[in-house]
Amino acid sequence: MNFNSKNMPRNKMRLQTACLTLLLIAASLTTIAQQMGDDEKKSMLKGNIYGGLKNAVDGVKGPGSNLPPEKMQWWEDQKFGMFIHWGLYAIPATGEWTMFNQKIPASEYAKLADRFNPQHFNADAWAKVAKDAGMKYMVLTARHHEGFALWNSPASYKHFNSWEMAAHRDFVKEYVVACRKAGLHVGLYYSPLDWRFPGYFDPKGQPENAALLKKQTYGQVEELMKNYGKIEILWYDGGWLAHKGTDADAAWFWEPLKLNAMVRSYNPDIVINPRSGMAGDFQTNEGDEPVKGPILPIPWEKCLNLNRTSWGYNKAQNLMPLKLIVEYLVNTVDRGGNMLLNVGPDADGVIPQTHIERLKEVGQWLIKNGEGIYGTRPGPFEPVDNYYGSTHKGKNIYIHLLKMPAGTTDIRLPVIDIKVASCKILGGSKVKVLQDQNGIIIHLDGAQLDPLVTTLELKTKSGHF
Ligand code: GLC
């Protein structure tokens, strides 16, 4: 929010609007906070690289713990993906932490599996939503912390999977087939954590039960890596033990180097996140926290939620505004990251219509502006928070203009060594650009700016940034 403090006392209307807005924000944050348990909040903040790299996750390293940079390039090119949280928790529709937050005993919670029989699940429809949004990859929660597996999983403890329970379907299979058909890169989320095991909460006191949990993890990860063709992204979540410490602290238990050596024996070039306790291939930044600061010189991913109430389907909907989504995307890409935006399909497997429409609007912006997003790298200009950021590709630089500074119609950029030949608004007209020893000035007087984020394309003579 941006108000001019000098004029505010004189402008009652403005003050009232600002107060009302603040109250509304506070009220919605309170609703979210009330629904979220403490451990859920902790989980959300784990290993976030807010404000730079100081919180980067430091997992265990060893042979195969991370891919060489050249094998990460394809992933860094994609920029925008769809996260899908779907499981039994879609039935109570109060978020994916329902079982833990509401202290529902495992035997009671298991009854949901008898009712989980979606009639309108259609993986092709999901893939189409992703494509229309301009997304390039998908990551599906094959199994979340509740323990219910969305595939034919013989390793599943107590047959807790969609193949053996009411649905009798292998949703993971349908999903991977649909992704490939639509030309989307295939990612799977898997939670080593499973709340059904008391040994998870007390691995030293109940080692036999904990061993069963570990056996399930190794068995299920192997099924996912072996039986579904090439999997390109493995997104672990919940490697910590008893919701305490970090994922890396729990490496003594999971032995993630061993686990992921098995993973890479089936999918040698799979991109792995750092939440198994192993270093992995990219860092994550999770949740609504604004993306600010300098370019991060590592592969990283912002994951966040279209419905800000919870990742899993929720009766309470708090849809992210379109402008904010586009701003998150450019702020992420301008700092070298990818963005993974989550949807929570309902218990019938249907992505809410409001989500579909919002994502289509993002897709419309990307049709016009995607050239400055996909396949780019950040820079050459360091981003200026709430003003602009930049990317480059070939001989072009793309400036993402978030907001014009007050009282001017010019944008000023720092000095670069390269000669700028011309400038235009992507999908629009040419604009005047001047370059001298003080930097670059782009004149936007009378130019038609995009109400979301404007992309300016600078053509340069050499293109070596
Ligand atoms: C948080 C949530 C978890 C969700 C994850 C996605 O850690 O607690 O439920 O799956 O974010 O990154």
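If you read the sequence from its start, that first residue is 1, and numbering goes on from there. Read the numbers this way: they start at 1 and go in the same order the structure lists the ligands and their atoms.
Close approach to H144 involves these atoms of ligand 1, each under 4.0 Å from a residue heavy atom: 3 (C), 4 (C), 9 (O), 10 (O). Every atom of ligand 1 with a heavy atom of R275 under 4.0 Å away is listed here by number and element: 12 (O). Near W235, meaning under 4.0 Å from one of its heavy atoms, ligand 1 places the atoms 12 (O). Counting the atoms of ligand 1 from 1 in the order shown, those under 4.0 Å from a heavy atom of S43 are 1 (C), 2 (C), 7 (O), 8 (O).
Comparing heavy-atom distances from atom 5 (C) of ligand 1 across D237, D39, N273 singles out D237 as nearest. Of the options W97, F100, W311, the smallest heavy-atom separation from atom 8 (O) of ligand 1 is shown by W97.
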Indicate every side-chain donor-acceptor pair of residues 190-197 with a distance under 3.5 Å to a residue at least two apart or in another chain.
residue	atom	partner	partner atom	Å
Y190	OH	R143	NH2	2.9
Y190	OH	Q220	OE1	2.8
S191	OG	H145	ND1	2.8
S191	OG	L193	N	3.3
S191	OG	L193	O	2.6
S191	OG	D237	O	3.3
D194	OD1	R196	N	3.0
D194	OD1	R196	NE	3.2
D194	OD2	R196	NE	3.3
D194	OD2	R196	NH2	2.9
D194	OD2	Q216	NE2	3.0
W195	NE1	H243	NE2	3.0
R196	NH1	Y157	O	2.8
R196	NH2	Y157	O	3.4
R196	NH2	Q216	OE1	3.1

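Remark: K41 engages D38 in a salt bridge, criterion side-chain N to carboxylate O under 4.0 Å.
Classification of the F148-F160 ring pair by plane angle, with boundaries at 30° and 60°, yields perpendicular.
Sorted by first and then second residue, the ring pair (Phe, Tyr, Trp, His ring centres under 6.0 Å) pairs involving residues 303-336 (not counting sequence neighbours) are F83-W311, H85-W311.
The one candidate from N273, N260, T217 that meets the side-chain hydrogen bond (donor to acceptor under 3.5 Å, both in side chains) condition with Y236 is N260.
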